[in-house]
Protein chains: 2
Amino acid sequence: MGASKTENFTEKQNATAALLKALGHPARIAIMEYLLKTNACICGDIVNELPLAQPTVSQHLKELKNAGLIKGSIEGNAICYCIDDKAIQKIKQYFDAFNIKIEKKKSCC
Amino acid sequence: MGASKTENFTEKQNATAALLKALGHPARIAIMEYLLKTNACICGDIVNELPLAQPTVSQHLKELKNAGLIKGSIEGNAICYCIDDKAIQKIKQYFDAFNIKIEKKKSCC
DNA sequence: TATCTTTATCGTAATATTGCAATATTAAAA
DNA sequence: TTTTAATATTGCAATATTACGATAAAGATA
């Protein structure tokens, strides 16, 4: 098949999975970490930071953007990318809640 | 291609991506949430909870196990699965740190 | 206007993922 | 020992992902 049966899971489960899937590639982790490391948005420059060809980087940026993890704004003939705080917060909250429930359990295995 | 160029990224980036990739599927999110919801390890029962055939569920469980997100111990002819706390904590710490850095930035876009 | 720079898109090859039927495995139960 | 129950593995079809060369698009600059 190759296609996930998303219709059988909750909206929330699908949304969570989509966010994490977008981060589930080393290049996209590297992009996020690079955007974080620099103290402002990055115009250009991302391609030179990564060991991948320009079209490949562009594709990864698109995926991160589709997932809502980054924003891009046009700045002359370059494009400024930066992290969308809200998406990261959503993920953080998810794992915070998850972790609290784990700690309450205390446990078997 | 279809294969990620992992050799060009750091160990940490690859490891982070691998963990998040394992969670980047609604069925695997559903499995984790089900394991969390119940107050102990689950022996059997997981297949009945999910809208997928038994071999498919088994495959997803295998991936979660490979990623270190769950543990499975044999219990008679059934298998007890439960969440591996350490993996979740690793992820939580990653996003905690990430979020702290984001907040320090305050920001441009 | 012509050219340069930056980013996106198209097309395509290689590989990975998803899902399931059929079957194997393993241990309990009859 | 045969049967039953639970889970894993195999094999395969359908689809998705990853990567990149070639090319397009769009604004800046000469």
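Below, chains carry the letters A, B, ... as their sequence lines are ordered, and counting in each starts from 1. As the structure is a prediction and not an experimental result, all values here were calculated from the model. Just the heavy atoms: all of them, side chains too, but no hydrogens, waters or symmetry mates, feed the values below.
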S.K.: Taking atom P of C/dT25 as reference, at what distance in whole Å does atom CD of B/Q54 sit?
M.R.: 15 Å

S.K.: Measure from the side chain of A/P55, starting at C-beta and using heavy atoms only, and say which of D/dA8, C/dT9, C/dT18 lies closest.
M.R.: C/dT9

S.K.: Compare side-chain N and O positions of A/S58 against OP1 and OP2 of C/dT7 and report whether any pair is under 4.0 Å apart.
M.R.: no

S.K.: Take atom CG of A/L50 and atom P of D/dC20, then tell me their distance rounded to the nearest Å.
M.R.: 11 Å

S.K.: Could you tell me how far apart B/L61 (CG) and C/dT17 (C1') are, to the nearest whole angstrom?
M.R.: 16 Å

S.K.: Contact between B/V47 and B/L52 at the side-chain level, heavy atoms closer than 4.5 Å - yes or no?
M.R.: no

S.K.: Using a cut-off of less than 4.0 Å, is there contact between a side-chain N or O of A/K21 and OP1 or OP2 of D/dT17?
M.R.: yes

S.K.: Does OP1 or OP2 of C/dT6 have a side-chain N or O of A/Y81 closer than 4.0 Å?
M.R.: no

S.K.: Does B/K5 have a side-chain nitrogen or oxygen under 4.0 Å from the phosphate oxygens OP1 or OP2 of D/dC20?
M.R.: yes

S.K.: Hey, which of these two, A/T56 or B/A53, hits DNA chain C nearer its 5' end, going by closest nucleotide?
M.R.: A/T56

S.K.: For B/Q89 and A/E103, which heavy atoms make the closest approach, and how far apart are they?
M.R.: NE2-OE2, 4.4 Å

S.K.: So, B/E33 side chain and B/A30 main chain: donor-acceptor pair closer than 3.5 Å or not?
M.R.: no

S.K.: Please assess B/V57 against B/E49 for the test side chain to side chain contact (heavy atoms under 4.5 Å, CB included), listing each intermediate value before the final yes or no.
M.R.: CA-CA 10 Å; B/V57 174; B/E49 275 295 311; over 6 Å; no

S.K.: For A/I46 and C/dT6, give me the distance from atom CD1 to atom C1', rounded to whole Å.
M.R.: 12 Å

S.K.: I'd like a list of close polar pairs between nucleotides 11-14 of chain D and the protein, N/O only, cut-off under 3.5 Å.
M.R.:
unit_1	atom_1	unit_2	atom_2	d
D/dA13	N1	A/M1	N	3.3
D/dA13	N3	A/M1	N	3.0
D/dA14	N3	A/M1	N	2.7
D/dA14	N3	A/M1	O	2.2
D/dA14	N3	A/G2	N	3.2

S.K.: When the ring planes of A/H60 and A/H25 are compared, do they come out parallel, tilted or perpendicular, using 30° and 60° as the limits?
M.R.: tilted

S.K.: State, to 0.1 Å, how close A/L35 and A/Y81 come at their nearest heavy-atom pair, and which atoms those are.
M.R.: CD2-O, 3.5 Å

S.K.: In whole angstrom, give the distance that lies between atom NZ of A/K71 and atom C1' of C/dT7.
M.R.: 20 Å

S.K.: Give the rounded distance in Å between these two atoms: CG of A/N48 and P of C/dT6.
M.R.: 8 Å

S.K.: For C/dT7, does either OP1 or OP2 sit under 4.0 Å from a side-chain N or O belonging to A/K62?
M.R.: no

S.K.: Would you say A/H60 places a side-chain N or O within less than 4.0 Å of OP1 or OP2 belonging to D/dT17?
M.R.: no

S.K.: Base, sugar-phosphate alone, or nothing: which one does A/S4 contact when heavy atoms must sit under 4.0 Å apart?
M.R.: sugar-phosphate

S.K.: List, with names and distances, any nitrogen or oxygen atoms from the protein found under 3.5 Å away from nitrogen or oxygen atoms belonging to nucleotides 25-30 of chain D.
M.R.:
none

S.K.: Starting from C1' on D/dC20, measure out to CG on A/L52 and report it in whole angstrom.
M.R.: 10 Å

S.K.: Can you hop from A/L64 to A/I74 via hydrophobic side chains spaced under 4.5 Å?
M.R.: yes

S.K.: Separation of B/R28 atom CZ from C/dT17 atom P, in whole Å?
M.R.: 9 Å

S.K.: Output yes when a side-chain donor or acceptor of A/N14 lies under 3.5 Å from a complementary backbone atom of A/T6, and no otherwise.
M.R.: yes

S.K.: For side chain to side chain contact (heavy atoms under 4.5 Å, CB included), just list the numbers for A/Q54 and A/S58, CA-CA rounded to whole Å, side-chain angles, deciding distance to a tenth of an Å, and then say yes or no.
M.R.: CA-CA 6 Å; A/Q54 179 269 322; A/S58 186; 4.0 Å; yes

